[in-house]
> 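Here it is: the structure, laid out below.
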There are 2 protein chains.
Amino acid sequence: MATAAQPRRLRADAARNRRLLLDTAATAFAEQGIEVSIAEIAQRAGVGKGTVFRHFPTKEDLIAAIVGDQLDYLSDAGDALLESADPTAALIEFMTLGVDLQARDRSVCQIAIGVVHNDPEIKAAADRLGRTATALTERAREHGGIRDDVTGQDVLLLLRGAYQAAAPLAHVAPELGRRYLAVIVAGLRPATSPLPGPIPGPSLSIDTMRTEVEDGDSRNA
Amino acid sequence: MATAAQPRRLRADAARNRRLLLDTAATAFAEQGIEVSIAEIAQRAGVGKGTVFRHFPTKEDLIAAIVGDQLDYLSDAGDALLESADPTAALIEFMTLGVDLQARDRSVCQIAIGVVHNDPEIKAAADRLGRTATALTERAREHGGIRDDVTGQDVLLLLRGAYQAAAPLAHVAPELGRRYLAVIVAGLRPATSPLPGPIPGPSLSIDTMRTEVEDGDSRNA
DNA sequence: ACCTGAACACCGTTCAAGT
DNA sequence: ACCTGAACACCGTTCAAGT
């Protein structure tokens, strides 16, 4: 339920349309990916195109709202896993859920990949997911299940990597995501040599880090 | 140099235009990603839009040609590394080159992700890269550097995963790809428990696997 | 307040007319 | 044989006119 800073109370029909659009778009995106046209979504929902843009000023905003919901789903699952007896198994289960979620819904794959960054709803959902991942990661670390230079952000990003590695063959071998998650999990086990480069901070959300740098630069790498 | 089944000999100006377009598009894609318009590429190259489509019937074909070249570059580097004294270090170096290549060129990131599948040029380049990766992987395995249930295809896909994991923060922390590659490499070390799921065959290219299944199905997962 | 569809700018692609 | 730009279909987005 990522219902953040809304202008307080929508008219009855407006609220209904918003939900309707969210649901219609979610299934459409899951089926065909984000390239479905707004026109088609509007038609499937039985409203005019203009209505879509009244609720979501841009297509990105619509995607953001849906992805935000999905992130919340993963946060819920992660929070529940915090009660689990085996912290390491809980972290692995969390990552597995994340990989499967991406496989199920094509639109989630774009999470945080530049398309959907500056939206406040997504930002809030991503922050919450970051906190959950950090908690799970710290428990697993204290339990001795994973190396001590790995953060919750690492876990979230690697969970994305596991799915993205498998993505090209997703149609042929849907279980491949699990395979690569297993490789990654094995790589997270306690080890001697430290990982190279900077460590993504546990408190720093993806969006925060990005906006800090000012958007739209660095086109020339 | 992926110059495959072309209608034998282009007219002088045509050959020149083709190269010009390839170069112009390559830099444009690397700078701004694949979303640059054909119109802009045509203009930057100083030709009409129609000319672009005469050489590359579709935008995908243009991308395919460029990505194919890039894959060849990685194959060349990999083949050179086959002479290296330390097979395990060679494999790691190969993967590092692959991650860096993706970071350098935004268009390569889409490799084999469904956009660019059925193109024969890409298919040939991907096959070759697959063979190179397989050779490097087998040498490292015989050397005892990696677990024995990992194929060259695994290596290629994981190399993609490493970059994709880091991609959301690529602007802020360009070295993050190396970090996640290190995690993955650690996970590839010889181990007791086998990886779950099917093993991507060393001889089977990504494209081959895909066309075997017949495209356009499996929309409902 | 909210909905709607015509209108706009832009994109990939086609093709008749040129050389 | 190859090049060109006008023309087409489609897309995201805007907005004046309706309720």
Side-chain angles (χ1 to χ4, degrees), chain A residues 3 5-25 28-29 31-67 106-107 110 114-119, chain B residues 3 5-25 28-29 31-67 106-107 110 114-119:
Chain A
T3 341
Q6 218 62 27
R8 288 286 170 231
R9 275 285 175 235
L10 294 166
R11 219 169 61 181
D13 54 345
R16 195 167 0 102
N17 274 341
R18 197 189 141 87
R19 255 269 67 88
L20 212 173
L21 281 171
L22 238 28
D23 294 341
T24 311
F29 286 152
E31 287 170 9
Q32 315 177 32
I34 344 194
E35 46 273 357
V36 245
S37 70
I38 293 284
E40 181 177 334
I41 292 171
Q43 192 189 335
R44 278 170 69 160
V47 303
K49 296 197 294 181
T51 306
V52 182
F53 286 98
R54 161 154 264 263
H55 286 283
F56 310 97
T58 182
K59 190 179 183 182
E60 277 190 21
D61 290 322
L62 175 56
I63 298 168
I66 292 169
V67 170
R106 298 244 230 119
S107 61
Q110 268 82 5
V115 202
V116 150
H117 264 122
N118 13 19
D119 184 280
Chain B
T3 341
Q6 218 62 26
R8 288 281 170 236
R9 276 281 177 239
L10 294 166
R11 220 169 62 181
D13 54 346
R16 195 169 358 101
N17 274 339
R18 195 189 143 87
R19 255 269 65 90
L20 213 173
L21 281 171
L22 238 26
D23 294 341
T24 311
F29 286 153
E31 286 170 11
Q32 315 177 31
I34 346 194
E35 45 273 357
V36 244
S37 70
I38 293 285
E40 182 176 335
I41 292 171
Q43 191 189 336
R44 279 170 69 160
V47 303
K49 297 197 296 179
T51 306
V52 183
F53 285 98
R54 159 154 267 263
H55 286 283
F56 310 98
T58 182
K59 192 179 183 182
E60 277 190 23
D61 291 322
L62 175 56
I63 298 168
I66 292 168
V67 171
R106 298 247 228 117
S107 61
Q110 268 83 1
V115 201
V116 149
H117 263 120
N118 13 18
D119 184 280

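Numbered from 1 within each chain, the chains take letters A, B, ... in sequence-line order. These numbers come from a predicted model, not from an experiment. Hydrogens, waters and symmetry mates play no part in the numbers below; they use all other heavy atoms, side chains included.
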> Is it true that atom CD of B:Q43 has more than 12 heavy atoms of other residues, nucleotides or ligands lying nearer than 6.0 Å?
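No, CD of B:Q43 has 12 or fewer neighbouring heavy atoms, counting only those of other groups under 6.0 Å.
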> Are B:T58 and B:D61 packed together at the side-chain level, in the sense that at least one heavy-atom pair is separated by less than 4.5 angstrom?
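Yes, their side chains come closer than 4.5 Å.
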> On a heavy-atom basis, which atom in A:G33 and which in A:V36 lie closest, and how many Å separate them?
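That closest heavy-atom pairing would be O-CG2, 3.0 Å.
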> What heavy-atom pair brings B:A65 and B:L22 nearest, and what distance separates the two atoms?
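Answer, listing the atom of B:A65 first, then B:L22: CB-CD1, 3.9 Å.
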> Enter the distance from B:R44:CZ to B:D23:CG here, rounded to the nearest 0.5 Å.
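Nearest 0.5 Å value for the CZ-CG distance: 12.0 Å.
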> Reading DNA chain C 5' to 3', which nucleotide is the first, and which the last, to come under 4.0 Å of any heavy atom in chain B?
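Endpoints of the contacted stretch of DNA chain C: C:dC11 to C:dT14.
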> For the atom pair OG1 (A:T51) and CZ (A:R54), what is the distance rounded to the nearest 0.5 Å?
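The distance works out to 9.0 Å.
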> Measuring from A:R16:CZ to A:R11:CZ, what's the distance to the nearest 0.5 Å?
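A:R16 atom CZ to A:R11 atom CZ measures 10.0 Å (nearest 0.5 Å).
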> Using a 3.5 Å limit on both pairing distances, list the dot-bracket string of DNA chain C from the 5' end; Watson-Crick and G-U wobble pairs count, crossing pairs take [ ], interstrand pairs take |.
||.|||||...|||||.||
> Could you tell me the separation between the CD atom of A:E35 and the NZ atom of A:K59, rounded to the nearest 0.5 Å?
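Nearest 0.5 Å value for the CD-NZ distance: 7.5 Å.
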> Which residues within residues 36-47 of chain A lie with some heavy atom under 4.0 Å of an atom in DNA chain C?
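Residues of residues 36-47 of chain A under 4.0 Å from DNA chain C: A:V47.
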> Assign each of B:E35 and B:R11 to its nearest nucleotide of DNA chain C by heavy atoms, then name whichever residue's nucleotide is nearer the 5' end.
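It is B:E35, whose closest nucleotide lies nearer the 5' terminus.
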> Are side-chain heavy atoms of B:L21 and B:F56 found at a separation under 4.5 Å?
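B:L21 reaches B:F56 side chain to side chain.
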> Specify the closest pair of heavy atoms between A:V52 and A:A42, including all atoms of both residues, with the distance to one decimal.
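Looking at all heavy atoms of both residues, the shortest contact is CG2-CB, 3.8 Å.
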